[in-house]
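In what follows, every heavy atom counts, from backbone to side chain, and hydrogens, waters and symmetry copies are set aside.
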Amino acid sequence: MDRYIEYIERCLPDSPGDKVLFSFKRKILDEMRERDEITEKRGIKDKKVREDLIISEYPRLDGDYAAYARAAAEKKKAKRAAVFNAAGSAVFILLLLIVYLAVSFATDSWGSTWVIIVDGILLWLCYLLGLGVKKITSLRRVFHIFARLLLAFAVMLAAVAAFLFSMAVLHIPHSWLFVIAGVAAVFAADSIYLAATGKKLAVIYYLAYIPAFTAMIYIIGGAAGLLPWSPGWVMIPLSLLIDAAIAAALIIRNKKIAREVAEHWNED
């Protein structure tokens with residue numbers, strides 16, 4: 001087995017105390033030994049031939065080690081993040097409870113201070129959902145639908161938190177409009193996510209969201225007295241016209257591109 005050790009040491013740096021490097025060298029050596037035993041059982045009795053064959057299967061140990069080290073670093077980083085989030089969550093919940101009790105005893109407003117606990121938990125859940133969105137987004141695109149669902153859920157939880165605070169603490173009239181605004185924010189957040197991740201055919205979602213978003217704005221504006229119900233309703237059919245204009249522009253552009261491609265091929 002000396003040739004395997006010699007080859008590994010020749011291809012990789014010598015860094016005493018580097019646990020990742022030692023682990024990788026140990027892993028490769030174990031693999032080589034296992035391959036050597038299997039190859040011998042399959043009928044190759046010449047030791048030198050076996051060693052040459054197995055060494056040839058590891059032509060880029062330096063590149064393999066670089067990938068191994070990156071994966072180990074990512075794993076270590078993920079572990080630290082998990083510990084930080086667990087400890088941070090425990091501290092946050094404890095501080096939330098302390099603030100709730102302190103404010104409640106100081107003001108004797110137990111009828112409204114419950115919002116501190118509820119909204120705090122809702123915002124904490126939003127943070128956890130955000131972590132989920134980030135993690136799933138790093139996976140293959142097929143899983144991105146779940147990230148979008150988590151994002152929508154997080155936005156709605158934030159809207160509910162705003163609704164509860166405005167209703168129980170600020171006593172704002174029509175506080176329920178924060179929930180409607182949350183629905184509109186879901187459309188906006190999903191549109192931003194689609195654009196940021198380069199989702200194919202995202203324009204289909206945009207065309208569906210424009211009328212829905214406009215309807216939410218119409219309801220909020222009308223209920224809050226910022227927009228007359230009539231003729232404010234015109235916003236909705238106008239949004240459909242905007243959709244039609246965008247669709248027509250895309251069709252014209254695609255036909256132009258197709259025509260230019262056809263002309264280019266005909267010239268060739």
Side-chain angles (χ1 to χ4, degrees), residues 1-95 123-154 189-190 192-202:
M1 302 300 174
D2 290 343
R3 282 194 65 195
Y4 297 147
I5 297 175
E6 180 184 347
Y7 177 71
I8 292 172
E9 292 296 338
R10 185 171 68 250
C11 294
L12 298 174
D14 183 18
S15 300
D18 189 333
K19 294 182 179 180
V20 175
L21 178 60
F22 175 78
S23 174
F24 180 74
K25 289 181 177 180
R26 183 80 257 178
K27 172 178 174 293
I28 296 300
L29 181 59
D30 289 342
E31 289 180 2
M32 286 181 165
R33 287 174 173 172
E34 183 178 353
R35 291 284 295 119
D36 188 272
E37 292 176 1
I38 294 173
T39 305
E40 184 179 11
K41 290 178 181 178
R42 288 181 177 177
I44 301 178
K45 302 301 181 182
D46 191 304
K47 180 180 179 182
K48 187 176 184 306
V49 172
R50 291 199 312 270
E51 290 174 344
D52 289 340
L53 178 63
I54 293 170
I55 287 175
S56 69
E57 296 176 356
Y58 297 86
R60 289 184 51 83
L61 278 183
D62 54 345
D64 294 340
Y65 170 65
Y68 182 87
R70 284 195 299 270
E74 287 295 325
K75 185 177 180 180
K76 186 177 181 180
K77 181 180 178 181
K79 186 176 181 180
R80 286 200 305 265
V83 172
F84 172 81
N85 286 322
S89 295
V91 171
F92 176 77
I93 298 299
L94 179 61
L95 289 177
L123 295 178
W124 173 61
L125 291 175
C126 288
Y127 172 72
L128 295 181
L129 290 171
L131 294 178
V133 171
K134 181 179 179 181
K135 177 62 178 179
I136 296 175
T137 302
S138 67
L139 304 178
R140 291 186 300 168
R141 287 184 178 274
V142 68
F143 297 107
H144 285 190
I145 181 62
F146 299 107
R148 293 168 60 193
L149 291 173
L150 292 183
L151 178 60
F153 195 31
D190 194 48
I192 294 172
Y193 182 87
L194 292 173
T197 55
K199 171 73 174 179
K200 292 182 179 179
L201 301 178

Do any side-chain atoms of residues 124-147 form donor-acceptor pairs under 3.5 angstrom with protein atoms, and if so which ones, sequence neighbours left out?
residue	atom	partner	partner atom	Å
Trp124	NE1	Ser89	OG	2.9
Tyr127	OH	Asn85	OD1	2.6
Thr137	OG1	Val133	O	2.6
Thr137	OG1	Tyr193	OH	2.8
Ser138	OG	Lys135	O	2.5
Arg141	NH1	Thr197	O	2.7
Arg141	NH2	Thr197	O	2.7
His144	NE2	Thr137	O	3.0
His144	NE2	Leu139	O	3.3

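Legend: residues meeting side-chain contact (heavy atoms from CB on, under 4.5 Å) with Ala73, ordered by chain and number and at least two apart, are absent. Asp46 is linked by a side-chain contact (heavy atoms from CB on, under 4.5 Å) to Lys48, Val49, counting only residues two or more places apart in sequence or in another chain. Partners of Arg10 by side-chain contact (heavy atoms from CB on, under 4.5 Å), not counting sequence neighbours, listed by chain and number: Glu6, Tyr7. Remark: Pro59 engages no residue in a side-chain contact (heavy atoms from CB on, under 4.5 Å) (not counting sequence neighbours). Judged as a side chain to side chain donor-acceptor pair (under 3.5 Å), and not counting sequence neighbours, the contacts of Lys25 are Glu9. Listed by chain and residue number, Lys27 satisfy the salt bridge (Lys or Arg N to Asp or Glu O under 4.0 Å) test with Glu31 (two or more places apart in sequence, or in another chain). Not counting sequence neighbours, Asp18 has no partner by the salt bridge (Lys or Arg N to Asp or Glu O under 4.0 Å) test.
Note on Lys47 versus Asp36: no salt bridge recorded, every NZ/NE/NH1/NH2 to OD/OE distance being 4.0 Å or above. A salt bridge links Arg35 with Glu57: the distance from a Lys NZ or Arg NE/NH1/NH2 to an Asp or Glu carboxylate oxygen falls below 4.0 Å.
The CD atom of Glu51 lies 5.0 Å from the OH atom of Tyr4; values are rounded to the nearest 0.5 Å. The distance from the CZ atom of Arg148 to the CG atom of Asp190 is 4.0 Å, given to the nearest 0.5 Å.
For residues 29-65, the pairs satisfying ring pair (Phe, Tyr, Trp, His ring centres under 6.0 Å) are Phe24-Tyr65, with sequence neighbours left out. The side-chain hydrogen bond (donor to acceptor under 3.5 Å, both in side chains) contacts involving residues 67-81 comprise Ser23-Tyr68, where partners must be two or more places apart or lie in separate chains.
Looking only at distances, a side-chain donor or acceptor of Arg50 sits under 3.5 Å from a matching main-chain atom of Ile44.
No more than 12 heavy atoms of other residues, nucleotides or ligands shown are found within 6.0 angstrom of CZ on Phe153. With a 6.0 Å radius and a threshold of 12 heavy atoms from other residues, nucleotides or ligands, Lys45 has its NZ atom above the threshold.
Between Ile28 and Leu61, the shortest heavy-atom distance links the atoms CG2-CD2, 4.0 Å. Contact detail for Cys11 and Asp62: the closest heavy-atom pair is O-CB, 4.2 Å.
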